Student: 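Take a look at the following structure, please.
The analysis underlying the following values was restricted to heavy atoms, covering all of them including side chains, and did not include hydrogens, waters or symmetry mates. Just so we're clear, the structure is a prediction, and the values are computed from it rather than from any experiment.
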Amino acid sequence: MAQDKAAADKLKAQKAEAKRARREKSRASRKQMWQAFQMQRKEDKALLPIMIGVFVGAIALSLIVGLFVGSWWMFLILGVLLGALGAFIVFTRRLERNVYSKNEGQVGAAGWALENMRGSWRVTQAVARTTHADAVHRVIGKPGVILVAEGNEGRVKGLLAQEKKKTARVVGQTPIYEFVVGTEENQVPLRKLQRSLNKLPSNISGKKIDELEGRLAALSNRGGGAQMPRGPLPQGAKMRSVQRTVRRKTGSN
């Protein structure tokens, strides 16, 4: 009897702790969002007018439809919800663009962008690198294996070819894709990196992804492992948790 009561008390305490943790997480997310909004508003003078315009425009359009269809008050509520969603999407898009523009050309920016990708991507930063902070990052996903290089074009070309040759010995017939992040011809701008990877075709299963991850991890371990290249972190790295919060909120709407 005493054991049952103790177990029940323990379960109750665990539930209370979990509820408290969720509240704290939610409070922290709201605080991050507010801080991000304040920073973006100071740097982007057009942000607030555009958000207000989207919000008011959605309400006005909904009211016009409601007057023709009837039940205008229902369309008013719908307009408020759509307007709030539209304004929030405007904020997240402009925030994301601002973060990427600040990070363009920064050491480690491509690795940072890859780590912030949504979905079942397996990212290993700097599997190959030079003393000049050039690096090749490896991503495993449904398209196969993606090697993403950043740094000096002349140096990363050989680094990328060497890493592809090593990877091909391990992955067999699995497709290997290559990207070089930069602003030159045949390079992918940082802001378009995630989009470019998401456009790749789906070639392998989740089980195959796990298998490849194990094989390539063993390859990296045999090579002594790779660390991030030395140098300053991208300026937007501190926005990482904010971006994840934004994406969760956008996805839930």
Side-chain angles (χ1 to χ4, degrees), residues 29 33 36 40 85-86 88-128 135-151 153 156 160 163-164 167-168 170-217 228 233-237 239-253:
S29 296
M33 290 295 298
Q40 183 66 19
L85 177 60
F88 183 76
I89 290 174
V90 167
F91 161 60
T92 59
R93 293 292 182 266
R94 293 179 78 88
L95 172 65
E96 188 175 75
R97 187 175 66 184
N98 185 30
V99 170
Y100 278 116
S101 65
K102 286 183 176 181
N103 285 335
E104 191 79 54
Q106 293 286 325
V107 174
W112 166 79
L114 293 170
E115 286 285 1
N116 279 281
M117 289 187 66
R118 289 174 288 181
S120 57
W121 301 94
R122 315 290 173 84
V123 178
T124 305
Q125 294 196 35
V127 292
V136 174
H137 311 292
R138 184 176 64 226
V139 183
I140 308 172
K142 290 191 174 181
V145 178
I146 304 107
L147 300 176
V148 180
E150 61 176 328
E153 185 179 9
V156 298
L160 194 57
E163 188 60 30
K164 182 178 181 181
T167 303
V170 177
V171 303
Q173 299 300 314
T174 302
I176 301 175
Y177 298 90
E178 301 171 72
F179 291 92
V180 177
V181 176
T183 56
E184 303 298 326
E185 189 178 356
N186 297 323
Q187 294 182 342
V188 180
L190 181 66
R191 68 182 183 279
K192 294 183 179 181
L193 179 59
Q194 293 184 358
R195 194 185 316 161
S196 298
L197 267 63
N198 283 317
K199 286 182 178 180
L200 294 174
S202 180
N203 297 313
I204 61 177
S205 65
K207 185 177 180 181
K208 185 67 174 177
I209 291 174
D210 293 335
E211 180 186 336
L212 288 174
E213 185 178 27
R215 288 186 188 176
L216 291 169
M228 282 298 296
L233 290 173
Q235 295 176 21
M239 298 294 292
R240 181 171 171 178
S241 58
V242 173
Q243 277 198 301
R244 287 179 173 170
T245 299
V246 165
R247 286 173 178 147
R248 282 199 299 270
K249 288 182 177 291
T250 305
S252 63
N253 287 308

Student: Decide side-chain contact (heavy atoms from CB on, under 4.5 Å) for M117 and N198; before the verdict, give the C-alpha distance in whole Å, the side-chain angles of both, and the deciding distance to 0.1 Å.
Tutor: CA-CA 9 Å; M117 289 187 66; N198 283 317; 4.0 Å; yes

Student: Can you find a pair of side-chain heavy atoms, one from T124 and one from L216, that are under 4.5 Å apart?
Tutor: no

Student: Do the non-hydrogen side-chain atoms of W121 and L197 ever get within less than 4.5 Å of each other?
Tutor: yes

Student: Quick check for you: to the nearest 0.5 Å, what is the distance between N116 atom CG and L193 atom CG?
Tutor: 11.0 Å

Student: Could you report the tightest heavy-atom contact between A149 and L160, atom names first, then the distance?
Tutor: CB-CD1, 4.1 Å

Student: Looking at S196 and V188, what are the two nearest heavy atoms and their distance?
Tutor: OG-CG1, 3.6 Å

Student: State, yes or no, whether a side-chain contact exists between M33 and F88 at a heavy-atom distance under 4.5 Å.
Tutor: yes

Student: Partners of R122 by side chain to side chain contact (heavy atoms under 4.5 Å, CB included), sequence neighbours excluded?
Tutor: I140, I209, D210, E213

Student: Within a strict 4.5 Å, meaning less than it, do heavy atoms of the N98 and Q40 side chains meet?
Tutor: yes

Student: Could you walk me through whether R97 and R191 pass the side-chain contact (heavy atoms from CB on, under 4.5 Å) check?
Tutor: CA-CA 7 Å; R97 187 175 66 184; R191 68 182 183 279; 5.6 Å; no

Student: Is it the case that over 12 heavy atoms from other parts of the model lie below 6.0 angstrom from the NZ atom of K142?
Tutor: no

Student: My understanding is that only residues two or more places apart in sequence, or in another chain, count here; which of them pass side-chain hydrogen bond (donor to acceptor under 3.5 Å, both in side chains) with E211?
Tutor: R215

Student: Please give me the minimum heavy-atom distance between A110 and V148, naming the atom from each residue.
Tutor: CB-CG1, 4.4 Å

Student: In Å, rounded to the nearest 0.5 Å, how long is the span from NE2 of H137 to CD of E163?
Tutor: 11.5 Å

Student: Can you give me the closest heavy-atom contact between L95 and A36, atom names plus distance?
Tutor: CD2-CB, 4.2 Å

Student: Without swapping roles, check the side chain of Q194 against the backbone of A113 for a donor-acceptor pair under 3.5 Å.
Tutor: yes

Student: When the side chains of residues 175-184 are checked against the rest of the protein, which donor-acceptor pairs come out under 3.5 Å, sequence neighbours left out?
Tutor:
from, atom 1, to, atom 2, distance (Å)
Y177, OH, N203, ND2, 3.0
E178, OE2, K164, NZ, 2.9

Student: Less than 4.5 Å apart, side chain to side chain, heavy atoms only: is that true for V145 and V139?
Tutor: no

Student: Does anything in residues 196-205 form a salt bridge (Lys or Arg N to Asp or Glu O under 4.0 Å)? List the pairs, not counting sequence neighbours.
Tutor: none

Student: How long is the span from the CZ atom in R138 to the OG1 atom in T167, to the nearest 0.5 Å?
Tutor: 6.0 Å

